[in-house]
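Below you'll find the structure, written out as structure tokens, and then a few comments.
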There are 2 protein chains.
Amino acid sequence: MKHPKISESTIRRLSRYYRYLEQIEEKEVRVISSSQLAAKCLVNSNQLRKDLNFFGEFGTRGLGYHVKDLLTDIRRVLGLDREWRMAVIGIGDLGFSLLAYNDFLKQNYKIVAAFDVDPLRVIGRVSEKLGKPVEVLHNNRIQEVARERKIEIGLITTPPSEAQNAADILVEAKVKGILNFTPTQITVPEGYVLRNIFFTTVLDNLAYLLSNSLNK
Amino acid sequence: MKHPKISESTIRRLSRYYRYLEQIEEKEVRVISSSQLAAKCLVNSNQLRKDLNFFGEFGTRGLGYHVKDLLTDIRRVLGLDREWRMAVIGIGDLGFSLLAYNDFLKQNYKIVAAFDVDPLRVIGRVSEKLGKPVEVLHNNRIQEVARERKIEIGLITTPPSEAQNAADILVEAKVKGILNFTPTQITVPEGYVLRNIFFTTVLDNLAYLLSNSLNK
DNA sequence: GGATGTGAAGTCGTTCACAGCT
DNA sequence: AGCTGTGAACGACTTCACATCC
């Protein structure tokens with residue numbers, strides 16, 4: 001609503017706390033202290049308390065945090081108290097595996113549409129593999145379908161050369177959140193949010209660490 | 001070799017500079033200034049020069065950087081002046097799409113082995129789809145094969161509940177670099193390097209930004 | 001002249017340490 | 001007594017600004 005400049009890292013950590021809390025809630029843990037939770041998430045407990053206090057006072061002094069309440073609070077902060085509807089653009093191998101990736105479902109993210117420049121090429125395979133035949137539509141229907149199905153996040157899994165184009169179409173369709181899986185730098189206008197998942201950047205990081213820090 | 005505490009972000013940016021330089025090298029651009037390159041990579045030019053100067057003086061005052069030379073230099077810094085041999089553990093949809101993901105090939109990363117707890121279940125599909133039939137081996141051969149094929153990086157794409165186990169096996173096989181694609185926090189001993197690619201963490205970030213910063 | 005390389009300044013994020021509740 | 005909440009100290013990363021060199 002009105003939280004100023006919260007750092008990216010804080011949000012990432014909230015996400016981690018949240019996933020861990022989900023796990024222990026199932027085991028019926030009622031209360032947890034910042035140091036216990038921090039240890040499990042491999043962060044400093046001061047940090048954890050600070051992260052939470054950007055958004056409110058969720059704990060009880062002398063006691064800790066009620067797991068259920070904290071879950072509700074973080075859920076609200078992160079915007080996970082509702083469902084997010086997503087579309088995948090580009091149904092190659094990666095796009096397909098995202099369609100099949102049902103871990104999203106548990107996490108408030110739902111893929112409600114799939115697009116490709118050549119739906120016929122991929123449609124057989126998709127229907128055969130996935131229980132419910134997800135229809136793969138032609139890219140030229142993104143505008144229309146995005147509105148109809150209230151899509152808010154687009155996952156780009158086209159070939160790299162098509163990524164910017166896919167982003168442009170999503171922007172035109174007013175899809176405000178874009179997650180780019182292709183190894184290309186793309187841009188979106190003000191008011192839109194872009195995040196990238198670059199496999200090779202992470203691998204480069206590993207390569208660097210393996211060649212340098214380790215054999216000291 | 002002997003570079004002290006270089007920040008993670010510096011390495012990520014080097015990776016970005018590198019990928020962009022590769023592109024313009026093909027277009028036969030000879031020289032580029034820090035401000036031109038920085039603009040393309042969406043960073044501050046002071047930052048770029050600082051990033052590079054952690055590792056040496058690669059530019060020419062009054063001129064800029066020779067693209068070819070800079071590529072060679074960054075390549076050496078990141079450890080991309082050689083091939084990195086990788087294995088995929090867990091051949092579900094995601095693991096399969098990594099096998100098929102040939103962007104790795106262009107980037108010095110090569111998948112040379114694939115493992116699963118049930119190779120027979122997946123082997124037909126893999127051979128049929130990929131040109132060269134990549135053999136999928138049983139997990140119990142990881143030790144042996146990792147040594148034979150000099151595997152240095154393991155990609156974990158098992159079900160989440162198996163991720164830690166997969167990591168343990170890789171560690172036992174002395175595979176020093178581990179890239180975890182499952183949405184689970186895992187740990188590795190000192191001397192090993194772990195990086196995670198958590199789809200949902202990035203989505204949570206989008207969800208947060210979409211619900212908060214935008215509609216101000 | 002023009003762009004790099006770099007100390008110094010500034011900003012941002014993390015950790016400390018303790019006051020304040022329960 | 002115990003654990004949270006938080007100002008203050010610290011450290012790390014980024015940006016500035018200019019001396020330096022081609």
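The model shown is predicted, which means the values in this text are computed figures rather than measured ones. Chain identifiers are assigned alphabetically (A, B, ...) following the order of the sequence lines, protein sequences preceding nucleic acid strands; residue numbering begins at 1 within each chain.
Of the residues B:Arg85, B:Arg82, B:Lys176, the one that meets the salt bridge (charged side-chain N to carboxylate O under 4.0 Å, His left out) test with B:Glu152 is B:Arg82.
Between the CG atom of B:Leu52 and the P atom of C:dG5 there is a distance of 8 Å, rounded to whole Å. One can place CG of A:Asp51 at 13 Å from C1' of D:dG5, the figure rounded to the nearest angstrom. Rounded to whole Å, the distance from CZ on A:Phe54 to C1' on D:dT4 is 16 Å. Look at CD1 on A:Ile6: it is 12 Å from C1' on C:dG13, rounded to the nearest Å. Rounded to whole Å, the distance from CD on B:Glu8 to P on D:dC13 is 10 Å.
Side-chain nitrogen and oxygen atoms of A:Arg13 include none within less than 4.0 Å of the OP1 or OP2 phosphate oxygen of C:dG13.
Here A:Asp168 contributes atom CG and A:Thr187 contributes atom OG1; the two are 7.5 Å apart, rounded to the nearest 0.5 Å. Here CG of A:Leu98 is found 4.5 Å from CZ of A:Phe181. Values are rounded to the nearest 0.5 Å. Taking OG1 of B:Thr10 as the reference point, atom NZ of B:Lys5 lies at 13.0 Å (rounded to 0.5 Å).
Other residues, nucleotides and ligands contribute at most 12 non-hydrogen atoms within 6.0 Å of the CZ atom of A:Arg30. More than 12 heavy atoms of other residues, nucleotides or ligands lie within 6.0 Å of CZ in B:Arg75, so this atom counts as buried by the packing criterion.
Remark: A:Ser33, A:Ser34, A:Arg49, A:Lys50 in residues 28-50 of chain A come within less than 4.0 Å of DNA chain D through at least one heavy atom. Contacts between residues 57-75 of chain A and DNA chain D, counted as heavy-atom distances below 4.0 Å, involve A:Glu57, A:Phe58, A:Gly59, A:Thr60, A:Arg61, A:Gly62, A:Leu63, A:Gly64, A:Tyr65.
Residues B:Phe96 and A:Phe96 are not in side-chain contact: their nearest non-hydrogen atoms beyond the backbone lie 4.5 Å or more apart.
A ring-centre distance under 6.0 Å is not found for B:Tyr101 and B:Tyr109.
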